[in-house]
Number of protein chains: 2
Amino acid sequence: MSLKHILLGMLNEPASGYDIKKCLNNSLQHFWAANLSQIYPQLGNMEAEGLLRSRMSDSDRGPQRRLYRRTAKGTRELKNWLAEGPHMSEERRHFLAQVFFLDALGDGEQARAFMQSLREQMSGKLEALQAAEEAWRDRDSRYPDNLPDDGFYPQLTLALGQKIFATYVEWCDECLERIQARESGSRERQGA
Amino acid sequence: MSLKHILLGMLNEPASGYDIKKCLNNSLQHFWAANLSQIYPQLGNMEAEGLLRSRMSDSDRGPQRRLYRRTAKGTRELKNWLAEGPHMSEERRHFLAQVFFLDALGDGEQARAFMQSLREQMSGKLEALQAAEEAWRDRDSRYPDNLPDDGFYPQLTLALGQKIFATYVEWCDECLERIQARESGSRERQGA
DNA sequence: GGTTCCATGTAACGTGTTACATGATTTT
DNA sequence: AAAATCATGTAACACGTTACATGGAACC
């Protein structure tokens, strides 16, 4: 039930589904993705629930846009969600499930290649977040310590993303070392 | 499409749905949860696909059990999945979405309480993983460097879990400091 | 004239959760 | 006698992804 609350959170200013999607893409994208095909019907439901109201508006370019704004009830719902405390949903990490069973490949070289590829993808994500931070720094001289209120918590989430992906990269490196050590050990035992 | 592959991976030995669930609970539980109501139909589908075969078997206690075993086709499917390389699915972190919008509470004290509660939950999970590691160490003198093949990769995933939750705890602490600093700054500006 | 961006939606499908339903055996 | 554990399933619902459908305006 959280896309609903994310949309409520994004609607501090009136916006269209399309706007929200763009905004999502450059702020929450690293821990929450959403498709337009999910956003549009959800906004509709929320209007039916009385959490939002909408009106049509002309666009500078392109067709008319449906602009949503949060109602008082919507704001209450948002605050309730936050006041409930942290929602600890189970995270599913597909790649970790793969690592868990990697021995089934029966081939240390392939396993090494797997971890190497994982490392590259993780460090790519890390770099993307670092670039996002640089862009923010360039755009706002107050970054990171004198940000306005609406930037404070988003900046914290960006910092977490960096820490997490850096941890993944570190772990991949350790795994690669351990796999290497294990492989050379097993070659020795075979007398290679 | 990954529960399927996880079930394939778990079926190195013949096992019932119930067995698999228990085994899941004390190994993958920190990054992959699954309900019996999801496992049973999935096993059925997989048998229909020819990835598994089943037979009924008496139980020491309780009713008859349906024991599944992996077919050659199932083993091929498992290896293919691993050979495809890391599956980087988007992770959704509900609690991070909440942090992102925490400013909407308009109350630093409540935000602090939120982060405090998050810190406690994260450190609880970290402790659970450390306990799991201790239990493993006690049970198997070869831990962690001379584990048999089927323990090597599981141990790596356990190590990642610990790193990740430790990172979360660290980040919570940093957030708490920054929130505190921000609060006292804003009280000063108000001349409290 | 073709591509990209703006803009909104629907439909089908796949995956995951919660609740319901049943009943034997073992432990307290 | 009650509670926990063993054991297997179904049904309804919620959430998310992919594909499909449409069409205007701006840019190259």
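Within every chain, numbering begins at 1; the chains are lettered A, B, ... in the order of the sequence lines, protein sequences first and strands thereafter. Note that this is a predicted model, so its numbers are computed, not measured.
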Note to self: Can you give me the dot-bracket string for DNA chain C, 5' to 3', counting Watson-Crick and G-U wobble pairs with both distances under 3.5 Å, using [ ] for crossing pairs and | for partners on another strand?
What the structure shows: ||||||||||||||||||||||||||||
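The CG atom of B:N45 sits 15 Å away from the P atom of C:dC13 (whole-angstrom rounding). Residue B:H5 contributes atom NE2, which lies 14 Å from atom P of C:dG14 at whole-angstrom precision. Taking atom CE of residue B:M56 and atom P of nucleotide D:dT8, one finds them 7 Å apart after rounding to whole Å. Distance, A:I6 CD1 to D:dG16 P: 9 Å, rounded to whole Å. Atom C1' of nucleotide C:dT17 and atom CG of B:L3 are separated by 13 Å, given to the nearest angstrom.
For B:Y168 and B:F95, the ring centers sit closer than 6.0 Å to each other.
Remark: nothing in residues 78-92 of chain B comes within less than 4.0 Å of DNA chain C through any heavy atom. Looking at residues 10-41 of chain B, you'll see B:W32, B:N35, B:S37, B:Q38 sit with a heavy atom under 4.0 Å from some atom of DNA chain C.
Residues A:R66 and A:S54 bring a donor and an acceptor atom of their side chains to less than 3.5 Å of each other. Side chain to side chain, B:E133 and B:Q162 meet the donor-acceptor criterion of an N or O pair below 3.5 Å.
Using a 4.5 Å heavy-atom cutoff, the side chains of B:R69 and B:L11 are not in contact. Contact annotation: the side chain of A:W32 never approaches that of B:R93 to less than 4.5 Å [non-hydrogen atoms, C-beta and beyond].
When all heavy atoms of B:R70 and B:L52 are compared, the closest pair comes out as CA-CD2, 3.9 Å.
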Next item on the list: In sequence, state the C-alpha distance, the side-chain angles, and the governing distance for B:D107 and A:K79, and then conclude on salt bridge (charged side-chain N to carboxylate O under 4.0 Å, His left out).
Entry: CA-CA 11 Å; B:D107 173 355; A:K79 288 189 181 181; over 6 Å; no
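The number of heavy-atom neighbours closer than 6.0 Å to NZ of A:K163, taken from other residues, nucleotides and ligands shown, is above 12.
Candidate nucleotides D:dT8, C:dA7, D:dC6 were compared by shortest atom distance to the side chain of B:R65, and D:dT8 ranks first.
The residue among A:P63 and A:Q42 whose nearest nucleotide of DNA chain D lies closer to the 5′ end is A:Q42.
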